[in-house]
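Positions are given from 1 along the sequence. Because the structure is predicted, anything quoted here is derived from the model rather than measured.
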Amino acid sequence: MRKMQDYKFWFVVGSQPLYGPEALAEVEKDARKLVDGLNEGGKLDYPVEFKLVATTADSITKFMKEANYNDNVAGVITWMHTFSPAKNWIRGTELLQKPLLHLATQFLNNIPFDSIDMDYMNLHQSAHGDREYAYINSRLNVPAASVYGWWGDADVQEQIADWQHVAVAYNESFNINIARFGDTMRDVAVTEGDKVAAQIKLGWTVDYYPTNEGVAVVNGIAEDEIDAAYKELEANSDLVEGDNDHEKYVHNVRYQLREYLGIKKFLDDNGYDAFTDNFQDLEGLEQLPGLAVQLLMIDGYGFGPEGDFKMAGLTRLLKIAADNKQTALMEDYTLDLRHGHEAIMGSHMLEVDPTLASDKPRVEVHPLGIGGKDDPARLVFTGAEGKGYDITLSYFDDGYKFIGYPVDCKTPEAEMPKLPVAKQMWTPEIGLAEGAKQWMKYGGGHHTVLTLALSEEQLEQLARLFKVDFINIK
């Protein structure tokens, strides 16, 4: 996965001065134990740092400003150990530009029946404080996430970890830079979008480059670099020559590796982590990038076919959120409409991401039949099984919208020996017919990102953070 910032999360506890210094000292002691427990629990991929017990509006506002300007802080976690008057939180929360998680928990997971008294009640009133605090977030229309339950439980820590990945993806979205080699495919509508609106709403910078600028870098890749990449490819996949003669097979695979290394160098040298190409604009290239794109997506780069920069940004964004696990560019391709077998077969010409592979990918060389170039090498594999989510990003006159639905992912019922591309089957949980009708009704495109690693809740959290409409079909 491409390197990102070393992120952490700040933890703040809500209280008030009326409890007195002894009680506030106990609040801080409990909070530090809680934070230590989260960090030692083994569920979080990013550390949590205790910052303060917040008792005044000024201290909260100062804290939120500092969180905004610390690039390593991906988000803020709040806990109302006691009753914290919510008016104190208004200004600071309005200023916060980082993701916010309300951890609705209590220091102990039980009521100490034999010793509980009013001092204990006053100090441990998260049930009271949570509602006061959540009210003001709701009234401010803040896209705060919430996790409810005892902080020491594994499932609660897993929910915090899931939110952390969403928060990191949100922060990284403002660092997503997309290089477009050529324009969008001629006459296609759904691949279009507003680049300025994408930068305003999602933080993505989208830049155009003539294809020949990328070709110059591809042509400059040294043979010894390709030799090393070829050895790595042999170690990670099965090289299947098929009906090709040996010399042609090796040349075509090596050319894809040349494209892979060249595009990667161009992106890295110019600060991009996502890109598009277009088979109508391949001047100077021997082959449409296939294996090259697949290897780049394994590395965590975003990609959009046919000039679709929206999907380049979305694949990169969701790969960040999913830690590059089982999250891939997809396209609705062909259908099984038999009763009892209803399914969509997702694929693409060449570029489906092997993070979905359930078997060892095979490197094959076959004619493409489109684009007028030499036979491209590609990775051929079967997709995954399990619960997933299929999502797209469409642009309309009233702005961007996420459109998606939960799906049941399957492997094909039978072998497809004459189809030399990656294959992923799925069926919308709502049913193929109803899912397809709703998808088309709302204007969902044919390019999507399919993920088995991200939950519906995480995707909804992302949409709320961006303040982008999310049409969830279910």
S394 meets the side chain to side chain donor-acceptor pair (under 3.5 Å) criterion, sequence neighbours left out, with none
Requested in this report: Before accepting this row, confirm whether a basic side-chain N of the pair E351/R378 lies closer than 4.0 Å to the acidic partner's carboxylate O.
Outcome: no
Taken in chain and number order and not counting sequence neighbours, the residues that satisfy side-chain contact (heavy atoms from CB on, under 4.5 Å) with D117 are D119, Y120
Counting neighbours of CD1 on I111 that are heavy atoms of other residues, nucleotides or ligands and sit closer than 6.0 Å, is the number greater than 12? no
Taken in chain and number order and not counting sequence neighbours, the residues that satisfy side-chain contact (heavy atoms from CB on, under 4.5 Å) with V73 are K8, W10, A67, N70, K98
Taken in chain and number order and not counting sequence neighbours, the residues that satisfy side-chain contact (heavy atoms from CB on, under 4.5 Å) with P143 are R464, L465
Assess the pair F63 and W89: is the distance between their ring centroids shorter than 6.0 Å? no
In this structure, are over 12 heavy atoms from other groups packed under 6.0 Å from E232 atom CD?
-> no
Closest non-hydrogen atoms of V12 and A54, given as atom of the first, atom of the second and distance, are CG2-CB, 3.8 Å
Taking every heavy atom of T105 against every heavy atom of L34, the minimum-distance pair comes out as CG2-CD1, 4.0 Å
**Asked** Do D71 and Q5 have side-chain atoms, one donor and one acceptor, less than 3.5 Å apart?
**Response** no
Heavy atoms of V352 and L329 approach each other most closely as CG1-O, 4.1 Å
Separation between NZ (K474) and CD (E429), nearest 0.5 Å, reads 9.0 Å
Between K264 and D268, is there a side-chain N and carboxylate O pair less than 4.0 Å apart? yes
Is a donor from one side chain sitting under 3.5 angstrom from an acceptor on the other, for S15 and S84? no
With sequence neighbours left out, the residues meeting side-chain contact (heavy atoms from CB on, under 4.5 Å) with Q157 are L38, K43
Residues pairing under ring-ring contact (aromatic ring centres under 6.0 Å, His included) where one sits in residues 305-346, two or more places apart or in two chains, turn out to be none
Hey, does I160 have a side-chain heavy atom less than 4.5 Å from the side chain of L103? yes
Salt bridge flag under 4.0 Å for residues D58 and R91
no
To the nearest 0.5 Å, atom CG of L296 lies from atom OG1 of T315 at 11.0 Å
Centroid separation F303 to F275 less than 6.0 Å: yes
- Salt-bridge contact E28-R32 (side-chain N to carboxylate O under 4.0 Å): yes
Salt-bridge present (K33, E40; N to O < 4.0 Å): no
Show which side-chain atoms of residues 435-445 pair as donor or acceptor with protein atoms under 3.5 Å away, not counting sequence neighbours.
unit_1	atom_1	unit_2	atom_2	d
Q438	NE2	E434	OE2	2.9
W439	NE1	G444	O	3.1
W439	NE1	G445	O	3.1

Those residues at least two apart in sequence (or on a different chain) that pass ring pair (Phe, Tyr, Trp, His ring centres under 6.0 Å) with Y19 are none
So for atom OH, which belongs to Y208, do other residues, nucleotides or ligands contribute more than 12 heavy atoms lying within a distance under 6.0 Å? yes
_Please determine whether the number of non-hydrogen atoms from other residues, nucleotides or ligands lying under 6.0 Å from atom OH of Y135 exceeds 12._
no
When the ring centroid of F181 is compared with that of F266, is the distance short of 6.0 Å?
-> yes
With sequence neighbours left out, the residues meeting side chain to side chain donor-acceptor pair (under 3.5 Å) with D36 are none
Greater than 12 external heavy atoms within 6.0 Å of K360's NZ | yes
Hits for side chain to side chain donor-acceptor pair (under 3.5 Å) against K195, two or more places apart or cross-chain, chain-then-number order -> none
Assess whether a salt bridge exists between E192 and K310, defined as any Lys/Arg side-chain N lying under 4.0 Å from an Asp/Glu carboxylate O.
no
Contacts of F83 meeting ring pair (Phe, Tyr, Trp, His ring centres under 6.0 Å) (sequence neighbours excluded), chain-then-number -> H128
Sorted by chain and number, sequence neighbours left out, side chain to side chain donor-acceptor pair (under 3.5 Å) with K410 holds for T427
D323 side chain to K319 backbone, donor-acceptor under 3.5 Å
no
